[in-house]
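Beneath this line is the structure, given in structure tokens, with notes to follow.
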Amino acid sequence: MVKNRYRKIATSAHSESESFFSSLFFQWMNILIKIGSERAVDENDLLPLKEENTTWFLTEELQAKWSEETANSKIQDVKPKLWKSVLKMLTAKDFLILITAGSLNTVGRILQPLLLGYLLKSLIIARLKHNYLLYGCASAFGINELISSLSMHQFDYRCEVLGTRISSALKGLVYMKALLLNKDTLLRFSTGQVIDLVSNDVQRIEGDTFQLFFWEFDLSWSS
């Protein structure tokens, strides 16, 4: 059976390597948005999927981490933990980006009412000698809003991507495990149990990645 794979957009404008500003402002979506403004977007117009985001690559990575966790658990005579294997899939770069974006968003939300309150208080007093300070406060308010907005979008986007990657890896792991089971073992589980595992339990990870792994989620929403 021929596998359907993502095909690159038929244009030389798209670059495999994304610059910092392209990632920050999501400029890599400009080509797809431009095509969508001219006609209906189909599957061939989708951006190329990077190898590290493919289900096969993620499943193989999780399988290797799980085999390592199983081997270590046998040596230590403890029960292996799947969540440890999942956490090992996350890189230091993932943690750094999410912690930085979440912290900037939280700090921005704290500074927003403080700057706004000082600005309104100064306008009520209306002293001329405060003009330059007011200009600086207004500029700081705008910069703070820009940084807070960018960090919020980056945090949400990265968490969505991370949740999808983990969900795809777990689904692939369940599929590979099912192929290795014999007929007698398969008959012990109904189709509904497998569907419930994949559709409900694993699928929740895409929406609950923040709550499972990152304290910034609750902190930024509570501020």
Side-chain angles (χ1 to χ4, degrees), residues 1-63 86 89-91 93-94 96-98 100-102 104-105 108 142 145-176 178-179 191-192 194-214 216-217 220-221:
M1 183 177 64
V2 180
K3 296 182 179 180
N4 293 326
R5 299 182 178 271
Y6 283 99
R7 286 177 285 180
K8 297 181 181 180
I9 295 178
T11 177
S12 59
H14 178 72
S15 176
E16 286 291 335
S17 58
E18 299 174 5
S19 64
F20 172 76
F21 289 100
S22 176
S23 300
L24 184 62
F25 296 100
F26 301 100
Q27 292 180 352
W28 46 271
M29 285 293 297
N30 289 348
I31 298 177
L32 188 61
I33 294 175
K34 182 179 179 181
I35 295 176
S37 64
E38 298 173 351
R39 58 174 176 80
V41 177
D42 56 32
E43 182 180 353
N44 296 330
D45 297 322
L46 295 178
L47 293 172
L49 192 62
K50 294 182 178 180
E51 183 181 0
E52 60 267 23
N53 290 329
T54 59
T55 302
W56 176 255
F57 180 89
L58 295 170
T59 303
E60 288 290 323
E61 183 180 6
L62 182 57
Q63 178 64 51
V86 173
M89 292 180 60
L90 310 182
T91 63
K93 181 180 178 181
D94 294 329
L96 180 62
I97 292 176
L98 288 168
T100 302
L104 288 175
N105 185 30
E145 283 298 303
L146 177 61
I147 295 177
S148 180
S149 177
L150 289 176
S151 60
M152 179 189 67
H153 288 299
Q154 285 293 329
F155 180 82
D156 291 343
Y157 168 72
R158 299 286 178 175
C159 282
E160 288 291 340
V161 172
L162 188 58
T164 303
R165 295 177 79 244
I166 295 175
S167 176
S168 300
L170 289 173
K171 291 176 182 177
L173 197 63
V174 172
Y175 177 76
M176 291 180 62
L179 295 178
T191 305
V194 178
I195 294 177
D196 181 69
L197 174 63
V198 175
S199 300
N200 297 330
D201 299 340
V202 175
Q203 196 71 21
R204 276 184 209 154
I205 296 179
E206 293 188 21
D208 297 339
T209 306
F210 333 96
Q211 297 176 351
L212 289 172
F213 302 111
F214 307 107
E216 291 92 346
F217 178 79
S220 61
W221 275 95

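Position 1 is the first residue of the sequence, and the numbers go up from there.
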Sequence-distant partners of T91, side chain to side chain donor-acceptor pair (under 3.5 Å), two or more places apart: D94

Is atom CD of E52 surrounded by more than 12 heavy atoms (other residues, nucleotides or ligands) closer than 6.0 Å? yes

Supply the atom-to-atom distance R165 CZ to L62 CG, rounded to the nearest 0.5 angstrom. 11.0 Å

S148 meets the side chain to side chain donor-acceptor pair (under 3.5 Å) criterion, sequence neighbours left out, with N105

How long is the gap from OG on S151 to CG on L146, to the nearest 0.5 Å? 9.5 Å

Give a yes or no answer on whether the side chain of S149 reaches the backbone of E145 with a donor-acceptor pair at less than 3.5 Å. no

Please confirm whether the backbone N or O of D42 pairs with a side-chain atom of D45, one donor and one acceptor, at under 3.5 Å? yes

Just by distance, do the side chain of S167 and the backbone of G163 share a donor-acceptor pair under 3.5 Å? no

Report the distance from atom CG of L104 to atom CG of L150, rounding to the nearest 0.5 Å. 10.0 Å

Apply ring pair (Phe, Tyr, Trp, His ring centres under 6.0 Å) to Y175 and list each qualifying residue two or more places apart in sequence or on a separate chain. none

Taking all heavy atoms of L24 and all of Q154, pick out the closest pair and write down the distance. O-NE2, 3.1 Å

Going through the distances and angles, do T164 and S168 end up as a side-chain contact (heavy atoms from CB on, under 4.5 Å)? CA-CA 6 Å; T164 303; S168 300; 4.2 Å; yes

Would you check if the side chain of T54 reaches a backbone N or O of E51 as a donor-acceptor pair within less than 3.5 Å? yes

Nearest 0.5 angstrom please: N53 CG to L162 CG, how far? 10.0 Å

Value rounded to 0.5 Å, distance of CG in L58 from CG in L173: 11.5 Å

Kindly indicate, with the supporting measurements, whether the criterion side-chain contact (heavy atoms from CB on, under 4.5 Å) is fulfilled by M29 and L32. CA-CA 5 Å; M29 285 293 297; L32 188 61; 3.7 Å; yes

